[in-house]
2 protein chains.
Amino acid sequence: MSKTTYHHGDLKNALIRAGVEILAEQGVSGLSLRQVALRAGVSHAAPYAHFADKQSLIAAISTDGFLRLYDEIKTAANAHRTNPPQQLLETARTYLEFATKDPARFKVMFSGVLEQEKEYPEFVEASKKNYEMLVEIVQTCQAEGFLPTGPAELAAISIWATVHGLAALALERQIPHTLLEQHSRRDLLNHALQTYFVKR
Amino acid sequence: MSKTTYHHGDLKNALIRAGVEILAEQGVSGLSLRQVALRAGVSHAAPYAHFADKQSLIAAISTDGFLRLYDEIKTAANAHRTNPPQQLLETARTYLEFATKDPARFKVMFSGVLEQEKEYPEFVEASKKNYEMLVEIVQTCQAEGFLPTGPAELAAISIWATVHGLAALALERQIPHTLLEQHSRRDLLNHALQTYFVKR
DNA sequence: ACCTGAACACCGTTCAAGT
DNA sequence: ACCTGAACACCGTTCAAGT
């Protein structure tokens, strides 16, 4: 009980963790800078020593989210190296599960942070890692004849859009319940992705 | 200058219009109940005579948006009755343009309103109209052999997810600019939807 | 029935001050 | 360098009161 004059040595990360917890417990509308500070045990002005503003904290939470998503997808990809089409399906399923497991965090990751391109380079970087891994998986599928030849980036964006759209529509409860009664989200995903594969 | 003791006969719709204007001019973060009231020329408490809370106003703005989207898509569909695959492409393009034309309104339509299922039946109704029109277009394409046979609802959700995902990723600037330099959003859309059509 | 003005609790942000 | 407390402008919501 001597050295740390203040609260932590790493308030910045404590604030990010507090934000993630609040998102999980109370949703997007519960995420206020003052509540984050309270949960981290500091005054409401303390976060400004580490983040320029609320947008900046949200960018940090999003970046953290993209890195975790990358880890999960990478694990799924490594588990299915021998079967490229299944590798694609399983990584997509991991993406969908990431979204449904923690909807508020997923929403924050894909909204809110405007003009990121210039303002938050780590955010852009973390997001790009996921995209590039998808491009690699697509290229493997193409090389082994499971996906049609052509620019891998084009195919990757189409597939990402399909998976992301399914996640977004599911989170917003836009998928008719008559469909959800007959098919699991996983079935819907598999069905949507089947169209991309080469028939043989 | 005699009969209307107060401001309008139709404050409710004036508030919705004011909200839509603010969204277009200032984005989602600019949409406050007090600013909406100010723009409509009433006190900040007046909206509560017509809407239970801010969520309820947002639900009304979203419902209005879905009805306008329906009109635009219906017009596009009618213009391409003779060519089912092009009908599908053009309605999808209309959806994508609706999103990019007024990003803040589109974001509000597909977020924010939680637990709608029970709370805002007109919202669910307006959203369902769009889905049902898509199912009809898909059925026409199937009947004429342009889409594979099978449950039209499954194909419709896949296609909707692809188009919606493309719109969402574009709005969040998640599509790499290297891709956007080479391909217009319309090209990306056409490329993604080509995979659904029967090859022949 | 429809609207106003005051009031309350909450929020993001700034800033002088403390260690 | 890192944090606090007071202050300011803004917000959503309620409520008594006015027509």
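Every chain is numbered from 1 and lettered A, B, ... according to where its sequence line falls, protein lines coming before strand lines.
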Shortest non-hydrogen contact from B:Q142 to B:P148?
-> NE2-O, 3.1 Å
Would you call the rings of A:H164 and A:W160 parallel, tilted or perpendicular if under 30° counts as parallel and over 60° as perpendicular?
-> perpendicular
Can you tell which of B:L88, B:T91, B:I73 makes a side-chain contact (heavy atoms from CB on, under 4.5 Å) with B:L134?
-> B:L88
Would one find a side-chain N or O of B:S43 under 4.0 angstrom from OP1 or OP2 of C:dG5?
-> no
Using purine N1 to pyrimidine N3 plus N6-O4 or O6-N4 for Watson-Crick, or N1-O2 and O6-N3 for G-U wobble, each under 3.5 Å, what pairs with C:dA1?
-> D:dT19
Spacing between B:L33 atom CG and D:dG12 atom C1', to the nearest angstrom = 7 Å
Could you state the CG-C1' distance from A:D10 to D:dC2, rounded to the nearest angstrom?
-> 13 Å
Looking only at side-chain atoms of B:K54, point me to the closest of C:dC3, D:dT14, D:dT13.
-> D:dT13
Whole-Å distance separating the CD1 atom of A:I58 from the P atom of C:dC11 = 14 Å
Return the value, rounded to whole Å, for the distance between atom CG of B:L31 and atom P of D:dC10.
-> 17 Å
When the distance from CD of B:Q26 to P of D:dC10 is rounded to whole Å, what number comes out?
-> 13 Å
Distance-only donor-acceptor test (3.5 Å): side chain A:H44, base D:dA6 | yes
Are A:R105 and A:D64 ion-paired here, with the side-chain N under 4.0 Å from a carboxylate O?
-> yes
What integer distance in Å separates B:L57:CG from D:dC11:P?
-> 14 Å
Quick one: which of D:dC3, D:dG12, C:dC2 gets closest to the side chain of B:Y48?
-> D:dG12
Rounding to a whole Å, what distance do you find between A:Q35:CD and C:dA9:P?
-> 15 Å
From C:dT14, D:dC3, C:dC3, pick the nucleotide closest to the side chain of B:A46?
-> C:dC3
What's the NE2-C1' distance between B:H50 and D:dG12, to the nearest Å?
-> 18 Å
Would A:E132 and A:K129 pass as an ion pair if we require N to O under 4.0 Å?
-> no
With the side chain of A:R34 defined as its heavy atoms from C-beta on, choose the nearest nucleotide among C:dG5, D:dT13, C:dT13.
-> C:dT13
Compare the minimum distances between each of C:dG12, C:dC2, C:dT4 and the side chain of B:V42, then state the nucleotide with the smallest one.
-> C:dT4
Paired nucleotide for C:dC8 [Watson-Crick or G-U wobble; both distances under 3.5 Å] | D:dG12
